[in-house]
Amino acid sequence: MIGRSTSIMSYDNPALQFDEQRLAKRNLLQEQGVTLYPPSFHRSHTIAGIRTEFDSVTHDPSPQQVATAGRIYIVRDHGKTFFCDLGDESGRIQLYIRKDSLPDGKFAIFKSGVERGDIIGVKGRAFRTKVGEITLWVDDFELLTKALCSLPEKFHGLTNLEKRYRQRYLDLIVNEESRETFRTRSRILSQLRNNLTARDFLEFETPTLQPIYGGANARPFTTYHNYLEQKLYMRIAPELYLKRLVVGGFEKVFELAKNFRNEDIDTSHNPEFSMVEIYQAYADYKDMMRLTEEIISGIIREVTGGYEVTYEGNTIDFTPPWNSMPMEEAVKTIGGIDIFTYPLEALKEKGKTLGVEGVEGVRSHREALPLFFETLVEEKLIQPTFILDFPIENSPLAKVHREKEGFVERFELFIAGMELANGFSELNDPIDQLERFEAQEEKRRLGDEEAQMHDYDFVNALGYGMPPTGGVGIGIDRLVMLSTSNTSIKEVILFPSMRRESTTEEEEEVAPGEDNQ
RNA sequence: GGGCUUGUAGCUUAGUCGGUAGAGCGACAGACUCUUAAUCUGUAGGUCAGGGGUUCGAGUCCCUUCAGGCCCGCCA
């Protein structure tokens, strides 16, 4: 929308966090002819670079002048001298600013107009102070960016979670741990790409806006394309498109996908989240388990330097190979109940006493199995554990088990009680796929909003022939949580979904979507 | 959806039994040429998240709205 032009700029709009004193300094600097936002500054060194190169300097400043830049984090005013802590992405260094070392008039500008939070460029020479702190003796400085908002307190910093999430930039400015978390996240992403491309996988991008959503059981976000005049869904998974690529002849593919699910938010769920999905022709679910194990353990070693991670007080050991067991065995040995020894009615009773949700409605032991698993086992799986062989009913895209009737060749990986990965031998029999979709459609008719949509084009793709294929999806956000010992997904997503703040004027109420047909 | 819980100055926070809202940092004015959470002196800064109620009197007690956090449900 075209902005309503306001003839008088208003800095006291409650939505603005500008500081009056800083605005005054800005004006003062402008009157003195200081350029507030110059276009560039040439650095000869980063701060870490200075620290490394001049590590052996003594009390006498090095003859070599360097140019570096950064944000002023702390100012210590001594009258005719200043000590400042200057920080860039690489680190921090102390500046020593003397009135008699700067060009004429510069000291007054610094004293009256430059403050904590501002970004400056400096030219200076490295030396060590009396107490041995490596410091830059400043010969000249240039204001590079005047900050109008003041930084949080220098010692306690910013701890308010809501503010840290809503104003992540501020969190990143002042909290090194937060910067480190997102550095790790970035390293994990590049490690994933390197690892997979080194194995000859090709990375692709498939549609985020989909006319038919699929690949998972979840409620989608709905949108509308004006030109096409049709409803579109934000993808809940890229699965069905990636498998089309395997049909097309790409034998090893992956996508680093942002998925969208219109569901609740909690410490392990964000409405938009990241997942890597991987498909490999001529592989089965066991191959994908091995691949998953190699990729994740490799990432943990790369980002932590070892295979052990402390998480929620537990030491998690990622050293391969990881434990694996069929779901019925997990329920038996970890859950402590061998459900197949109970008659069905007795099993339902037993389930009720154990607090197994939804057990009353089951029609078979097989249907009861995942319910018992979720209640009795899932949260106890702290060490990396593959759970194998799921009942067929809830896995409409997985191939039937080669030995166990009524089951599919599927695994899920659990770590710290969280589901980290989910993979299977992909269903490639078009007739079976058609029947599974029809079963899902029936569920939808009975009101299951999360049952999958029928996708005839996908069935046709399988009709042209997809080789035997293994696939897996790995949750990136949760992997970052484990790698950085964070127990909230909001700590590892830069800009997590938050309810909008109501301090600003009410916007037009958005309709709750047309996702109920 | 349910339970518990938090919201006080820019930030970090104290506030007892209901009795004039305190501090540190930051800001402002001043002193100080090796400090490092610099130090010292002084000043300003508050719709106690919003609204309502009880009371002579509410940051404090009650109701309600908003936003956040934790747990449960849901998300297989």
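By convention in this document, chain letters (A, B, ...) are assigned in the order of the sequence lines, proteins followed by strands, and residues within each chain are numbered from 1. Keep in mind that this is a model prediction, so the values were computed, not measured.
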Roughly how far apart, to the nearest Å, are [N] and [M] at atom [atom1]?
N	M	atom1	value
A31(B)	U20(B)	P	39 Å
C40(B)	C61(B)	C1'	44 Å
A38(B)	G26(B)	C1'	15 Å
C11(B)	C48(B)	P	16 Å
A76(B)	U5(B)	P	31 Å
U12(B)	U55(B)	P	37 Å
C32(B)	A23(B)	C1'	26 Å
G69(B)	U54(B)	C1'	30 Å

Tell me the closest heavy-atom pair linking [X] and [Y], and the distance in Å.
X	Y	result
Pro220(A)	Met234(A)	CB-O, 4.2 Å
Asp139(A)	Gln65(A)	OD2-NE2, 3.0 Å
Arg168(A)	Ser178(A)	NH1-OG, 3.7 Å

Rounded distance (Å) that lies between atom [atom2] of [N] and atom [atom1] of [X]:
X	N	atom1	atom2	answer
Ile74(A)	U39(B)	CD1	P	11 Å
Gln167(A)	C11(B)	CD	C1'	12 Å
Asp171(A)	C11(B)	CG	C1'	14 Å
Leu95(A)	C34(B)	CG	P	16 Å
Arg500(A)	C66(B)	CZ	P	12 Å
Arg164(A)	G10(B)	CZ	C1'	18 Å
Ile97(A)	C34(B)	CD1	P	15 Å
Asp85(A)	U35(B)	CG	C1'	10 Å

Report yes if at least one side-chain N or O of [X] is closer than 4.0 Å to OP1 or OP2 of [N]; otherwise report no.
X	N	result
Arg76(A)	A38(B)	yes
Thr129(A)	U35(B)	no
Arg499(A)	C66(B)	no

Any strand: nucleotide that pairs with [N] via Watson-Crick or wobble, under 3.5 Å:
N	result
C70(B)	G3(B)
C32(B)	none
G24(B)	C11(B)

**OP:** Heavy atoms under 4.0 Å is the rule here; annotate nucleotides 24-33 of chain B 5' to 3' with B where the base is hit, S where only the sugar-phosphate is, and - elsewhere.
**Re:** BBSSS---BB

**OP:** Classify every nucleotide of nucleotides 69-76 of chain B by which part a protein heavy atom approaches to under 4.0 Å, writing B for the base, S for the sugar-phosphate alone and - for neither, in 5'-to-3' order.
**Re:** SSS-BBBB

Subject >> Pair Glu142(A) + Lys123(A): basic N to acidic O under 4.0 Å >> reply: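 No, this pair does not count.
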
Original post:
Salt bridge check: are Arg235(A) and Glu255(A) linked by an N-O gap of less than 4.0 Å?
Top reply: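 Yes, this pair counts.
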
**OP:** Please figure out whether Arg166(A) or Gly157(A) has its closest RNA chain B nucleotide nearer the 5' end.
**Re:**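 Taking each residue's closest nucleotide, the earlier one in sequence belongs to Gly157(A).
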
Subject >> N/O donor-acceptor pair under 3.5 Å between Thr310(A) side chain and Gly313(A) backbone >> reply: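 Not a single qualifying donor-acceptor pair exists.
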
Original post:
Does Phe411(A) have its ring centroid less than 6.0 Å away from the ring centroid of Phe386(A)?
Top reply: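 Judged by ring-centre distance (under 6.0 Å), Phe411(A) and Phe386(A) do meet the cut-off.
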
Original post:
Any chance the rings of His401(A) and Phe407(A) have centres within less than 6.0 Å?
Top reply: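 For His401(A) and Phe407(A), the ring centres are not under 6.0 Å apart.
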
I'd like a table of donor-acceptor pairs (distance under 3.5 Å, sequence neighbours excluded) in which one partner is a side-chain atom from residues 78-89 of chain A, with atom names and distances.
from     : atom 1 : to       : atom 2 : distance (Å)
Asp85(A) : OD1    : Arg76(A) : NH2    : 3.1
Asp88(A) : OD1    : Ser90(A) : N      : 2.7
Asp88(A) : OD1    : Ser90(A) : OG     : 2.6
Asp88(A) : OD1    : Gly91(A) : N      : 3.1
Asp88(A) : OD2    : Ile47(A) : N      : 2.9
Asp88(A) : OD2    : Ser90(A) : OG     : 3.4

Please tabulate the protein-to-nucleotide N/O contacts below 3.5 Å involving nucleotides 2-5 of chain B, giving atom names and distances.
none

Subject >> salt bridge (Lys or Arg N to Asp or Glu O under 4.0 Å) involving Lys243(A) - partner list, sequence neighbours excluded >> reply: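 Partners of Lys243(A) by the salt bridge (Lys or Arg N to Asp or Glu O under 4.0 Å) criterion, ordered by chain and then number, come out as Glu239(A), Glu426(A).
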
Subject >> Any residue meeting side chain to side chain donor-acceptor pair (under 3.5 Å) with Glu180(A), in chain and number order, not counting sequence neighbours >> reply: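 Scan of Glu180(A) (side chain to side chain donor-acceptor pair (under 3.5 Å), adjacent residues dropped) gives Arg183(A).
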
Subject >> Distance under 6.0 Å and angle within 45° of ring axis: Arg410(A) vs Tyr285(A) >> reply: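 Because its charged atom misses either the 6.0 Å distance or the 45° angle limit, Arg410(A) does not stack over Tyr285(A).
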
Original post:
Just checking, Lys106(A) and Phe141(A): is the charged tip under 6.0 Å from the six-membered ring centre and within 45° of the axis?
Top reply: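 Yes - Lys106(A) lies over the ring of Phe141(A), closer than 6.0 Å to its centre and within 45° of its axis.
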
**OP:** Select base, sugar-phosphate, or nothing to describe what Val131(A) touches, counting heavy atoms under 4.0 Å on all strands.
**Re:**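 Answer is base: heavy atoms of Val131(A) come under 4.0 Å of a base.
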
Original post:
Reckon Tyr73(A) touches a base, only the sugar-phosphate, or nothing at all at heavy-atom distances under 4.0 Å?
Top reply: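 The residue Tyr73(A) makes no contact with any strand.
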
Original post:
Does any N or O donor sit under 3.5 Å from an N or O acceptor when you compare the side chain of Glu133(A) with the base of U35(B)?
Top reply: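 Side chain to base: no pair present.
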
Original post:
Does one side chain, of Lys443(A) or Asn217(A), offer a donor that lies under 3.5 Å from an acceptor on the other?
Top reply: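 Asn217(A) and Lys443(A) do not have a side-chain donor-acceptor pair below 3.5 Å.
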
